[in-house]
Enquirer: 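Here you go, one structure.
Below, each value reflects all heavy atoms present in this structure, side chains not excepted, and no hydrogens, waters or symmetry copies.
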Amino acid sequence: SGVCNALSLEIKVSPKVRAFVGEQALLKCSFRSSSPITESLLVDWTYRPLTGGQMETIFHYRSVPHPTTGGRFKDRIIWVGNVANGDASIAIQSPELSDNGTFICSVKNPPDVYHNIPQTVLLVTERGLAFQLSSAALLSILVFLPSALVVVLLLVRMGRKFRVLKEKGKCGYKKSSIEVSDEPEHPDRAGCGGKLKEWCLNCLDTDEEDPY
């Protein structure tokens, strides 16, 4: 019976928390104790980098919050919990990539001092690098990407053929007799030439004499 009473304090945390650089990261921790909450309740948050190393205490609570006064989390830990409601959560201001690591929330509420030791892994990333494609979006890309490539290739090929035909036309491309016969005549051009020729002949054949 005594062992059961000693192990009646249970702590729950989020196994993994994702955060963005510069944006507040919330580390939730809830607990349940069989004993009434008193001023003797203690909360400790410890941290260990993902690269390994010793655990370091970054936050302590006893009646009032006591954030760390040194280390990487100096002046960046905020108490957002409420022990009366079984909440021992904290928040990290302006998280950095170097903050990635394992966080442990420990609660002691005498005589309940023994409990499980759940861990929270914090993963801080740049917001631009955190974009993830959903399965539906990925499937859409795989379906429509080949079709889009085919359309682009056809447009490129048509554009090249159009430029080739245009360049041949500028360089005096000679058309076959069939192409020439199929083209409509331009009576306007013939009419202009004939009128100019007639006007020149009239000037030469005039009977009027120049006055002296």
Enquirer: Run the side-chain contact (heavy atoms from CB on, under 4.5 Å) test against S33 and tell me which residues pass, sequence neighbours left out.
Expert: L9, S35, N109, D112
Enquirer: What I want to find out is whether R127 reaches E23 closely enough, with some N-O distance under 4.0 Å, to be called a salt bridge.
Expert: yes
Enquirer: CD/Q54 to OG1/T46 distance, rounded to the nearest 0.5 angstrom?
Expert: 12.5 Å
Enquirer: Measure the shortest side-chain to side-chain distance between F59 and I92 over non-hydrogen atoms and say whether it is less than 4.5 angstrom.
Expert: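 Counting from C-beta outward, F59 and I92 never come under 4.5 Å.
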Enquirer: I'd like to check the ring-ring contact (aromatic ring centres under 6.0 Å, His included) partners of Y61; sequence neighbours left out, ordered by chain and number.
Expert: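 With neighbours one apart ignored, the set is W79.
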Enquirer: Ignoring hydrogens and geometry, is there a side-chain-to-backbone donor-acceptor pair from W45 to P67 under 3.5 Å?
Expert: no
Enquirer: Apply salt bridge (charged side-chain N to carboxylate O under 4.0 Å, His left out) to R32 and list each qualifying residue two or more places apart in sequence or on a separate chain.
Expert: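 If we apply the salt bridge (charged side-chain N to carboxylate O under 4.0 Å, His left out) test to R32, skipping adjacent residues, the hits are E10.
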Enquirer: Would you sort out whether V83 and V107 count as a side-chain contact (heavy atoms from CB on, under 4.5 Å), showing the intermediate values?
Expert: CA-CA 10 Å; V83 294; V107 181; over 6 Å; no
Enquirer: Look at atom CG of L154 and say whether more than 12 heavy atoms of other residues, nucleotides or ligands are closer to it than 6.0 Å.
Expert: yes
Enquirer: Is there a chain of hydrophobic side chains (I, L, V, M, F, W, Y, each step under 4.5 Å between heavy atoms) that links M55 to L50?
Expert: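 Different clusters: M55 never reaches L50 through Ile, Leu, Val, Met, Phe, Trp or Tyr contacts under 4.5 Å.
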Enquirer: With sequence neighbours left out, which residue pairs that include part of residues 46-96 fulfil the disulfide (SG to SG under 2.5 Å) condition?
Expert: none
Enquirer: Kindly write out the residues that satisfy side-chain contact (heavy atoms from CB on, under 4.5 Å) with V21, not counting sequence neighbours, or none if the list is empty.
Expert: L97, V124, E126
Enquirer: Hey, quick one: are I104 and V17 part of the same hydrophobic cluster, counting side-chain heavy atoms closer than 4.5 Å, chains of contacts allowed?
Expert: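 No, it is not one cluster - the side chains of I104 and V17 are not joined through contacts under 4.5 Å.
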Enquirer: Looking at residues at least two apart in the chain, or sitting in another chain, which of them share a salt bridge (charged side-chain N to carboxylate O under 4.0 Å, His left out) with D44?
Expert: none
Enquirer: Are I58 and V121 co-members of a hydrophobic cluster defined by side-chain heavy atoms under 4.5 Å apart?
Expert: no
Enquirer: If you look only at pairs with a residue in residues 9-74, which of them pass as a disulfide (SG to SG under 2.5 Å), with sequence neighbours excluded?
Expert: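 For residues 9-74, and leaving out neighbouring residues, the disulfide (SG to SG under 2.5 Å) pairs sorted by first residue read C29-C105.
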Enquirer: Does a side-chain heavy-atom distance below 4.5 Å link T125 with F20?
Expert: yes
Enquirer: Pairs in or reaching into residues 30-74: which pass disulfide (SG to SG under 2.5 Å), with residues at least two apart or in two chains?
Expert: none
Enquirer: If you apply the rule side-chain contact (heavy atoms from CB on, under 4.5 Å), what do you find for Y47 with L122, and how did you get there?
Expert: CA-CA 10 Å; Y47 163 81; L122 176 64; over 6 Å; no
Enquirer: What is the minimum heavy-atom distance between P118 and V13, and which atoms define it?
Expert: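 Of all heavy-atom pairs spanning P118 and V13, the closest is CB-CG2, 3.5 Å.
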Enquirer: Provide the full list of disulfide (SG to SG under 2.5 Å) pairs with a residue in residues 59-90, sequence neighbours left out, each pair given once.
Expert: none
Enquirer: The criterion is salt bridge (charged side-chain N to carboxylate O under 4.0 Å, His left out); which residues satisfy it with E56, sequence neighbours excluded?
Expert: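 So E56 forms no salt bridge (charged side-chain N to carboxylate O under 4.0 Å, His left out) with any residue.
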Enquirer: In chain order, what residues pass the side-chain contact (heavy atoms from CB on, under 4.5 Å) check against L42, with sequence neighbours excluded?
Expert: H60, R62, K108
Enquirer: Roughly how far, to the nearest 0.5 Å, is CD of E39 from OG of S63?
Expert: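 Answer for the OG-CD pair, S63 versus E39, is 4.5 Å.
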Enquirer: I'd like to check the side-chain contact (heavy atoms from CB on, under 4.5 Å) partners of V80; sequence neighbours left out, ordered by chain and number.
Expert: L26, I78, S89, A91
Enquirer: Which pair of heavy atoms, one from S94 and one from R76, lies closest together, and at what distance?
Expert: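 Minimum heavy-atom separation between S94 and R76: O-NH1, 2.9 Å.
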